[in-house]
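Structure first, commentary second.
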Number of protein chains: 2
Amino acid sequence: MRADAQRNIDTLLQTAMAVFATSGVDAPVREIAEKAGVGVGTIYRHFPQRSDLIAAVLRREIDACADAALVLAAEHEPGEALARWMLRYVDFIATKRGLAKALHSGDPAFDTLPAYFRQRLEPALRALLESAVAAGEVRADVAAEDLLGAVASLCMQAYEKGPDHAKRMVALLVDGLRYRASSAAPFSSRSAD
Amino acid sequence: MRADAQRNIDTLLQTAMAVFATSGVDAPVREIAEKAGVGVGTIYRHFPQRSDLIAAVLRREIDACADAALVLAAEHEPGEALARWMLRYVDFIATKRGLAKALHSGDPAFDTLPAYFRQRLEPALRALLESAVAAGEVRADVAAEDLLGAVASLCMQAYEKGPDHAKRMVALLVDGLRYRASSAAPFSSRSAD
DNA sequence: ATATTAAGCGGAACGTTATTCCGTTTATAC
DNA sequence: GTATAAACGGAATAACGTTCCGCTTAATAT
């Protein structure tokens with residue numbers, strides 16, 4: 001691959017992420033091209049459909065969120081790392097204005113995203129969770145996938161209620177995790193998908 | 001108001017309802033104008049925005065569904081009237097492909113619709129329900145608003161599962177209503193909004 | 001260093017949509 | 001019947017996603 005092509009792809013993903021965060025995923029392709037300093041043709045060369053660009057941005061954001069878990073785990077105590085990553089995850093979800101609708105639009109470009117989401121984020125959270133449990137800082141009876149789903153729901157519900165509401169609810173959840181730390185009850189709460 | 005204007009509005013609402021039912025609410029305005037035998041200008045004279053037409057069609061359908069309750073109550077025994085109206089309500093919900101997304105789009109034309117929905121349908125169902133309860137044909141411990149919500153959820157959930165699934169689930173619900181008729185337990189199950 | 005070339009680029013052009021505008025038609029009041 | 005204001009139709013406009021193609025340039029061979 002030519003160097004300028006790779007450079008443009010990187011610039012585009014960065015620019016598109018910023019534009020999607022402020023204007024939502026319905027932002028015009030022209031606007032992204034303009035802000036990135038490229039022609040629309042360049043976008044369509046690398047992302048044949050508008051939805052391909054959205055999916056690529058999302059995958060990159062999912063990766064970044066998953067990678068953040070490693071960094072936080074290295075820099076903080078297990079419980080603190082877990083708490084910080086939860087807020088990081090809320091930031092990730094919070095900027096996804098209008099994405100839920102796009103996901104359900106039936107566009108095949110989004111077909112593999114839910115699986116990718118789980119594939120990347122579930123192990124990341126599970127690792128944080130297990131460390132915190134091993135350190136006796138949080139209780140052992142909550143599954144990573146349930147936590148991911150619960151927080152996503154909270155963020156969606158809290159969407160109209162302001163930006164802080166979600167963080168407060170999630171903080172509450174994390175406090176709940178800490179409440180019965182080391183209670184060693186081998187009861188795994190599995191529920192939603 | 002001029003007679004032709006009123007005639008066109010009626011024709012438009014009818015045509016739009018049919019088009020929305022088959023092509024979804026995203027059907028082009030031109031298509032509706034063509035099928036109604038009017039120019040697009042005529043549509044925009046009466047419905048300044050595309051969403052205004054959608055909202056008007058919906059209000060009309062809500063009215064028709066509510067009015068059907070009176071007719072059914074006059075023509076059938078209370079229990080039968082209730083059962084038939086429930087299926088009528090399913091028909092109403094079932095043709096609303098893609099409407100949930102439109103409702104949540106933030107378009108101000110839809111702002112008053114949820115309230116209108118409840119205002120018209122809740123009393124209609126409540127009347128049927130109370131008659132059936134008074135006649136000893138169904139149990140007394142289910143609230144009209146819960147029933148409306150439950151059926152709407154069933155229809156949305158059953159959406160991908162085929163057209164009959166919703167009706168079977170709702171029929172099951174109605175049978176459940178009949179199961180403990182006259183059990184006179186003064187327990188009002190209120191839950192979702 | 002230079003020539004070659006294919007990958008990559010920009011943006012004009014196209015197709016499809018919602019929406020506006022205005023010259024023409026027509027229902028209504030007198 | 002005539003006047004006139006309301007209503008009509010559809011061409012024009014605007015905003016979008018997407019395609020296309022002549023020009024530019026990075027990579028490579030010589």
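What you are looking at is a predicted structure, and each value in this text was computed from that prediction instead of being measured. Naming: A, B, ... by sequence-line order, numbering from 1 per chain.
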Practice item. Check the pair A:Arg7 / A:Asp4 against salt bridge (Lys or Arg N to Asp or Glu O under 4.0 Å), numbers first and verdict last. Key: CA-CA 5 Å; A:Arg7 208 163 40 235; A:Asp4 55 347; 5.4 Å; no

Presence of [X] side-chain N/O under 4.0 Å of [N] phosphate oxygens OP1/OP2:
X       : N     : result
B:Thr42 : D:dG9 : yes
A:Asn8  : C:dC9 : yes
B:His46 : D:dA7 : no

**Study point:** Pairs meeting criterion salt bridge (charged side-chain N to carboxylate O under 4.0 Å, His left out) with involvement of residues 33-57 of chain A, two or more places apart
**Key:** A:Glu31-A:Lys35

Could you go through nucleotides 15-17 of chain D and list every protein N or O atom that sits under 3.5 Å from one of its N or O atoms, giving the distance for each pair?
{"from": "D:dG17", "atom 1": "OP1", "to": "A:Arg50", "atom 2": "NH1", "distance (Å)": "2.9"}
{"from": "D:dG17", "atom 1": "OP2", "to": "A:Val29", "atom 2": "N", "distance (Å)": "2.9"}
{"from": "D:dG17", "atom 1": "N7", "to": "A:Arg30", "atom 2": "NH1", "distance (Å)": "2.8"}
{"from": "D:dG17", "atom 1": "O6", "to": "A:Arg30", "atom 2": "NH2", "distance (Å)": "2.7"}

Exercise for review: State yes or no: do B:Tyr116 and B:Leu121 share one hydrophobic cluster built from I, L, V, M, F, W and Y residues joined by side-chain heavy-atom distances below 4.5 Å, directly or via other members?
Suggested key: yes

Would you kindly give the [atom1]-to-[atom2] distance between [X] and [N], to the nearest whole Å?
X       : N      : atom1 : atom2 : value
A:Glu34 : C:dG11 : CD    : P     : 10 Å
A:Ile43 : D:dT19 : CD1   : C1'   : 14 Å
B:Ile9  : D:dA6  : CD1   : C1'   : 12 Å

Practice item. Give a yes or no on whether a salt bridge exists between A:Asp91 and A:Arg88, defined as a side-chain N under 4.0 angstrom from a carboxylate O. Key: no

Point to revise | By side-chain contact (heavy atoms from CB on, under 4.5 Å) - contacts of B:Ala127 (at least two apart) | key: none

**Study point:** Summary of protein contacts for nucleotides 23-30 of chain C, nucleotide by nucleotide, where a base hit scores B, a sugar-phosphate-only hit scores S (4.0 Å, heavy atoms)
**Key:** ---BSS--

Check your understanding: Given A:Arg60 and A:Asp10, is the salt bridge (Lys or Arg N to Asp or Glu O under 4.0 Å) satisfied, shown in steps?
Key -> CA-CA 10 Å; A:Arg60 168 180 267 235; A:Asp10 290 344; 3.7 Å; yes

Check your understanding: Restricting to pairs with a member in residues 43-86 of chain B, which pass ring pair (Phe, Tyr, Trp, His ring centres under 6.0 Å), not counting sequence neighbours?
Key -> B:Trp85-B:Tyr89

Check your understanding: Strictly by modelled atom types, are B:Asp107 and B:Ser51 linked by a side-chain donor-acceptor pair under 3.5 Å?
Key -> yes

Revision key, fill the gap. Minimal heavy-atom distance between B:Val133 and B:Arg139, with the atoms involved, is CG2-O, 3.4 Å

Practice item. Apply the test salt bridge (Lys or Arg N to Asp or Glu O under 4.0 Å) to residues B:Asp67 and B:Arg120: give CA-CA distance (whole Å), side-chain angles for both, the deciding distance (0.1 Å), then the verdict. Key: CA-CA 9 Å; B:Asp67 293 344; B:Arg120 294 284 340 240; 3.2 Å; yes

Exercise for review: Please step through salt bridge (Lys or Arg N to Asp or Glu O under 4.0 Å) for the pair B:Glu75 and B:Arg84, ending with a clear verdict.
Suggested key: CA-CA 11 Å; B:Glu75 289 181 348; B:Arg84 285 177 185 244; over 6 Å; no

Review point. How do B:Arg45 and B:Ser51 order along DNA chain C: which one's closest nucleotide is nearer the 5' end?
Key: B:Ser51

Point to revise | Inter-end axis angle, the helix from C:dA1-D:dT30 to C:dC30-D:dG1, with every axis fitted to five base pairs (rounded, 10 degrees) | key: 0°

